[in-house]
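Step one of this worksheet: look at the structure below.
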Amino acid sequence: MKIELLSPAGSLEKAKIALLYGADAVYIGGKQFSLRARASNFDLSMIKELVDFAHGLGKKVYITMNIVFHDDDISGLDEYLIYLDEIKVDAIICSSMIVIERAKALTNLEIHLSTQFSVTNSLLANYFFHEGVKRVVLARELSLTEIKEIKDKSLADLEIFIHGGMCVSYSGRCTLSNYTVLRDANRGGCAHTCRWLYDLFENDRKISDNHDFQMSSKDLEATEFVKDLLDMNISSLKIEGRMKSVHYIATVVSAYRMLIDDYYHGVLRDISFYQNEIKKAENRQTSYGFFKGDTTPEQQLYNQRSEVPTKEFVGMVMGYDKSKNLLEIEQRNYFAPGDMLEIFTPDKTIVTFKVKNIFNQDDEVLDAARHPLQLVKLPLALSIPKFSMVRKVKYD
Amino acid sequence: MKFVIRLKTIEEITELISLGADVFLVDTPLAVKKVGLEMYDFLETIFSYGKEVYLLVNKMIHEEDVDMLTKILLVAKDDRITGVVAGDLTVMVKAKELGIATKIIYQPGTMNTNSFDNEYFFLKEIKGITISKEITLEEITKIFTVKKTELSLVGHGFIDMFYSKRKLLTNYFIFKNIVRENIRENPNFRLNEEMRKDSYYPIFEDNGGTHVFRNLALESFDEVEGLRKALDDFFIERIFIGDEEYYDSLKVYNNKMSREEFLEKYQGKYNKGFFYQYTEKLKGELDEN
């Protein structure tokens, strides 16, 4: 069975980009019952549009319903589940018993258990399998050895996080945000209190310097371990980041798509190739989390520094006028004549060129593309597909 | 309603009983946030006092822990052990295999937040569930109205907010090139956040990882009579609390000391947690599941 590459999507546009750039499935949040309260969550018509779009490509859509339900969250749950079933959503991702039981009672929806439940062993994975859960998203606190041991004994399909932000706490077990700012971490309100700056004291003696005690972790980046996960026949590899940009989604999905396909085709390149592709998108510092066992200071983020992407995202291709050889770009960041741009297409083709002229929609010459979301046109002799990403090439 | 008490030494059992202890909650090798010596090794002595005994198994269970879990649950088959407090649902799964699921009290800290959970675990025929720490008294009371399984609450003491597998203190000292011992199970470390100058959050590292606690301990002196109507067990936590203070809290819950006297004596150390504090669902960001 070919492994699934599963991408996050915080909007319809991001979901379509993820699927076009190589994801086999996307997971999204509805307006209700999903943890990413600030992600541009989908209303019912948008979910249906995405399901139809994905199914047209032979791909899948999963809906996250992974809040920890309080009694006053339950209203509307049954109707929502029935609707998702009717529009043929491929699975729901949940962590509360009430969602599992209501989905079983009312629908034929496939059920995935969220990492919010922090499943760390095969006994529990198999318990949920017998409770009607098809797939378990394992906790991110597991080493590769532990994942293999669970896989060998598990009846449930397994999904593993391979990239993106990580809770420092076991997921679903944290109330830091609840207590410090009254925002419920387990119902979409996480304020990321674990990423704040702290001083460490022993009794009354301060040990730290200038708030340098931080609990925050580096993001996960598991390119090094994908080959092992493929060999284990894990069902799905998951990327985190429903809040991330279209460029990030396209870049990260594409890099892992290439890695997986290259491995299956026996043409795997040096792992640094895929890592360098990922670095073209905006990133926090990354490490390999728990894949090698207990974490060390290497997996912690002590200086709050973000990695600078090697390429700056400046726009997305919205069309190509073959009669005039003009490329239409939706601007996202500043660029000007003289800049070297790199176009990165959904089929992984890369085209590099120097900007000579920039025109607005009225064919007037611009000295630069300055305005976010402005449609601008650039002369280019090569036809480029819609939704290609445009990056500025930086030179040191 | 029974008062479930943490035990630090054998020598204090008589006093704790005189102060109203109904059940002794005993740390096991798969317990985290231990309060002192592992009383698991002294079970026969504890049994001899004739009180109920629960075992604490609140570590997240990884594959490597399953053999130890089995050993603990085989010990728990003893009729004199009437409960196993489980932080991870795996404990229930293994207990079912061994025929003692009826002793399991599922206490994950955060997951038991609605009335349905009470019904679900009633149907699983376990002993009961501990209502989560982050919900309001109003929400707790609503769960009471549909009570089916035994219900309990951690109603007093320092409540943890965070449980990480990472050794955050050890890693920090390595990062700082500070060589030091006595990190693990040292109760004296605290965190202070730059915008909350007066708040010090206890941080505690042990075999299970790192735990961060609320800056103030929870007390339920005014609420306990109302809770008594539906709760089966009321847990009184002990970590970071001195012996005298712990005994005094038992006195208040058993009407041997006034709440006013207690709160005067331990000024500024307690609050009501989330009893009257509703948390918002929105405005969140990041982190993925």
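Below, chain A is the first sequence line, B the second, and so on; all start at residue 1.
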inquiry  = Looking at chain A, which one of Glu97(B), Met111(B), Arg214(B), Lys96(B) has the largest number of heavy-atom pairs inside 4.5 Å, strictly under?
reply    = Arg214(B)
message = Could you measure the distance from the CD1 atom of Ile98(A) to the CG atom of Asn114(B)? Nearest 0.5 Å is fine.
response = 5.5 Å
ask   = In terms of the angle between their ring planes, are Phe175(B) and Tyr302(A) parallel, tilted or perpendicular, with boundaries placed at 30° and 60°?
value = parallel
query = Picking from Phe117(A), Tyr179(A), Phe201(A), Phe69(A), which has the most non-hydrogen pairs under 4.5 angstrom with chain B?
reply = Tyr179(A)
ask   = Any side-chain donor paired with an acceptor under 3.5 Å for Tyr170(A) and Asp88(B)?
value = no
Residues that Asp198(B) engages under side chain to side chain donor-acceptor pair (under 3.5 Å), provided they are two or more places apart = none
query = What is the minimum heavy-atom distance between Ile178(B) and Ile207(A), and which atoms define it?
reply = CD1-CG2, 4.3 Å
Evaluation steps, side-chain contact (heavy atoms from CB on, under 4.5 Å), between Ile174(B) and Thr296(A) = CA-CA 9 Å; Ile174(B) 294 170; Thr296(A) 68; over 6 Å; no
key: Min side-chain heavy-atom separation Lys165(B)-Thr120(A) under 4.5 Å   = no
Heavy-atom side-chain proximity of Tyr201(B) to Leu176(A) below 4.5 angstrom = no
Per-residue contact mode, Ser208(A) against chain B (heavy atom under 4.5 angstrom) = both
ask   = If every non-hydrogen atom of Arg173(A) is compared with every non-hydrogen atom of Gly87(B), which pair is closest and at what distance?
value = NH1-O, 3.0 Å
Gln299(A) versus chain B, the contacting section by heavy-atom distance below 4.5 Å = both
request  = Could you pull out all residues at least two apart from Phe144(B) that satisfy ring pair (Phe, Tyr, Trp, His ring centres under 6.0 Å)?
outcome  = none
message = salt bridge (charged side-chain N to carboxylate O under 4.0 Å, His left out) for Arg190(B) and Asp204(A)? Distances and angles first, verdict last.
response = CA-CA 9 Å; Arg190(B) 301 179 301 157; Asp204(A) 293 327; 3.1 Å; yes
Pro297(A): which of Thr170(B), Asn171(B), Leu168(B) passes side-chain contact (heavy atoms from CB on, under 4.5 Å) = Asn171(B)
message = Could you check whether atom CD of Glu194(B) has more than 12 heavy atoms from other residues, nucleotides or ligands sitting under 6.0 Å from it?
response = yes
note = Here the gap from His211(A) atom NE2 to Glu193(B) atom CD, rounded to the nearest 0.5 Å, amounts to 8.5 Å
key: Lys148(A) atom NZ: more than 12 heavy-atom contacts under 6.0 Å   = no
ask   = Rounded to the nearest 0.5 Å, how far apart are OG1 of Thr113(B) and CG of Asp73(A)?
value = 8.0 Å
key: Residues of residues 62-72 of chain B contacting chain A, heavy-atom criterion under 4.5 Å, by residue number   = His62(B), Glu63(B), Val66(B)
query = Contact part of Leu216(B) toward chain A, heavy-atom cut-off under 4.5 Å: side chain, backbone, both or neither?
reply = both
ask   = Is the closest side-chain heavy-atom distance between Ile135(B) and Asp71(A) below 4.5 Å?
value = no
key: Closest non-hydrogen atom pair, Asp72(A) against Tyr278(B)   = OD2-OH, 2.6 Å
request  = Could you have a look at Lys133(B), His211(B), Lys167(B), Gln277(B) and say which one has the most heavy-atom pairs with chain A under 4.5 angstrom?
outcome  = Gln277(B)
query = Do you know which of Ile150(A), Asn178(A), Leu123(A), Asp294(A) has the most heavy-atom pairs with chain B at a distance under 4.5 angstrom?
reply = Asn178(A)
message = Counting heavy-atom pairs closer than 4.5 Å to chain B, which one of Leu142(A), Val181(A), Thr180(A), Thr193(A) comes out on top?
response = Thr180(A)
message = Quick check for you: to the nearest 0.5 Å, what is the distance between Gln300(A) atom CD and Tyr172(B) atom OH?
response = 12.5 Å
message = How long is the straight-line distance from CG of Asn192(B) back to CG of Asp199(A), given to the nearest 0.5 Å?
response = 6.0 Å
Toward chain A, the part of Asp117(B) with a non-hydrogen atom under 4.5 Å = side chain
inquiry  = At a 4.5 Å cut-off on heavy atoms, which part of Lys206(A) comes close to chain B: side chain, backbone, both, or neither?
reply    = neither
request  = Would you please go through residues 157-164 of chain B and name the residues with a non-hydrogen atom below 4.5 Å from one of chain A, in numerical order?
outcome  = Asp160(B), Met161(B), Phe162(B), Tyr163(B), Ser164(B)
ask   = So, for Glu131(A) and Lys124(B), which heavy atoms are closest and what is the spacing to 0.1 Å?
value = OE2-NZ, 2.8 Å
key: Distance, nearest 0.5 Å, that separates CG of Leu89(B) from CE of Met97(A)   = 5.0 Å
inquiry  = What verdict does the side-chain contact (heavy atoms from CB on, under 4.5 Å) test give for Val168(A) and Thr210(B), after you've listed the backbone C-alpha separation in whole Å, the side-chain angles of each residue and the deciding distance to 0.1 Å?
reply    = CA-CA 10 Å; Val168(A) 185; Thr210(B) 310; over 6 Å; no
query = Where do Arg187(A) and Thr279(B) come nearest, in terms of heavy atoms and distance?
reply = NH2-O, 3.3 Å
ask   = Quick one: does Val93(B)'s side chain get under 4.5 Å of Asn126(A)'s, heavy atoms only?
value = no
key: Side chains of Ile100(A) and Tyr120(B) in contact at under 4.5 Å (non-hydrogen atoms)   = no
key: Flag, side chain of Thr90(B) to backbone of Leu124(A), donor-acceptor distance under 3.5 Å   = no
note = Turns out that what part of Met92(B) lies under 4.5 Å from chain A's heavy atoms comes down to side chain
request  = Under the side-chain contact (heavy atoms from CB on, under 4.5 Å) rule, what do Arg166(B) and Met166(A) come out as? Steps first, then yes or no, please.
outcome  = CA-CA 12 Å; Arg166(B) 296 165 191 259; Met166(A) 298 178 82; 3.8 Å; yes
task = Compare all side-chain heavy atoms of Asp184(A) with those of Phe274(B) and state whether any distance is below 4.5 angstrom.
result = no
key: Heavy-atom side-chain proximity of Arg180(B) to Glu202(A) below 4.5 angstrom   = yes
Heavy-atom proximity to chain B below 4.5 Å, by part of Ser118(A) = both
inquiry  = If you define the side chain from C-beta out and look only at heavy atoms, does anything of Met215(A) sit under 4.5 Å from Leu191(B)?
reply    = yes
key: Taking every non-hydrogen atom, the tightest pair across His70(A) and Glu134(B)   = CE1-O, 4.4 Å
